[in-house]
Amino acid sequence: MFGRMAACIGIVCLLALSVAILSDAFMRGAFNKPIFGLSDFVEIVTPVIVASCLPLAIFNRQNITVRFLGRAMPARPGQLVELVGCLVALLVITGIAWELWRYASGVMEYGQYTWLLRIPVWPSWVLATLIFAFCIPVQALVCLETWRKLQKGQPLESSEEYVDHELEEAL
């Protein structure tokens with residue numbers, strides 16, 4: 001549910017950004033008057049847009065993976081290679097979430113504002129950090145599902161076949 005809500009937040013921000021850019025292009029072309037502060041708006045919504053598409057992408061295993069080694073091996077060793085990859089991804093996601101939190105904390109502490117309109121940027125960075133931090137339990141669920149497949153001795157499947165529909169309802 002939170003993953004879908006994050007995706008909806010990202011879509012709304014992306015649509016707002018698209019409308020703003022199209023309006024700016026129209027205003028520049030028709031009246032030679034660009035929208036003042038559009039770059040500030042872009043600075044605020046971009047981190048949220050990027051972070052919001054990650055939880056569902058990770059859950060649906062739509063990230064880039066290389067499975068030729070795991071598929072060339074028997075079922076259990078192949079799943080073991082997959083599990084190691086999932087655990088490494090979990091560590092990387094955790095590290096990125098930590099660094100995002102440090103950055104957002106710094107932005108809050110120093111009271112960073114946008115250049116033209118002086119809008120505080122910390123709310124968008126905190127929201128993006130929280131959305132990205134949600135990727136940690138999502139990746140942990142992916143690791144757990146891979147562990148279950150390793151225990152059952154199931155061979156590696158394509159990305160579409162990896163989605164556990166029971167877990168999908170929880171997300």
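In this text the structure is predicted, and so the values were computed from the model without any measurement.
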Run R102 and E109 through salt bridge (Lys or Arg N to Asp or Glu O under 4.0 Å) and show every step you take. CA-CA 10 Å; R102 286 185 49 203; E109 180 180 345; over 6 Å; no
Using the rule that Ile, Leu, Val, Met, Phe, Trp and Tyr join whenever any side-chain heavy atoms are under 4.5 Å apart, tell me whether Y113 and W122 fall into a single cluster. no
Please answer: with hydrophobic residues joined when any side-chain heavy atoms are less than 4.5 Å apart, are V92 and F134 in the same cluster? yes
Matching residue for K149 among E145, Q151, K152 - test: side chain to side chain contact (heavy atoms under 4.5 Å, CB included): E145
Might you point out which heavy atoms bring C86 and Q139 nearest each other, and give the distance in Å? O-NE2, 3.1 Å
State the CD-CZ distance between E99 and F132, to the nearest 0.5 angstrom. 11.5 Å
Once salt bridge (Lys or Arg N to Asp or Glu O under 4.0 Å) is applied, what residue pairs with a partner in residues 12-40 remain, sequence neighbours excluded? D24-R28
Cluster question for you: counting only ILVMFWY and a side-chain heavy-atom cut-off of under 4.5 Å, with indirect links fine, are W101 and V107 together? no
Salt bridge between E82 and R61, side-chain N to carboxylate O under 4.0 Å? yes
What are the two closest heavy atoms between L83 and C143, and how far apart are they? CD1-O, 3.6 Å
Please answer: with hydrophobic residues joined when any side-chain heavy atoms are less than 4.5 Å apart, are L144 and L90 in the same cluster? no
Is the shortest side-chain heavy-atom distance between L87 and L91 below 4.5 Å? no
Mind checking whether M5 and I58 sit in one hydrophobic cluster, side chains of I, L, V, M, F, W, Y counted as touching below 4.5 Å? yes
Pair up each side-chain donor or acceptor in residues 43-54 with any protein partner under 3.5 Å, not counting sequence neighbours, and list the distances.
from : atom 1 : to  : atom 2 : distance (Å)
T46  : OG1    : V42 : O      : 2.6
S52  : OG     : V48 : O      : 3.1
S52  : OG     : I49 : O      : 2.9

For side chain to side chain contact (heavy atoms under 4.5 Å, CB included), just list the numbers for F36 and L117, CA-CA rounded to whole Å, side-chain angles, deciding distance to a tenth of an Å, and then say yes or no. CA-CA 9 Å; F36 181 75; L117 300 177; 3.5 Å; yes
Compare all side-chain heavy atoms of V19 with those of L15 and state whether any distance is below 4.5 angstrom. no
Student check: side-chain heavy atoms of Q112 and P120 closer than 4.5 Å: no
Using every non-hydrogen atom in the two residues, find where P55 and C135 come nearest and quote the distance to one decimal. N-SG, 3.7 Å
A20: side chain to side chain contact (heavy atoms under 4.5 Å, CB included) partners, not counting sequence neighbours: L38, F41
Any I9 side-chain heavy atom under 4.5 Å of V12 side chain: no
Distance check, rounded to the nearest 0.5 Å: T146 atom OG1 versus L80 atom CG? 11.0 Å
Shortest non-hydrogen contact from I35 toward M27: CG1-CG, 4.3 Å
Main chain of W147, side chain of Q79: is a donor-acceptor contact present, judged purely on distance under 3.5 Å? no
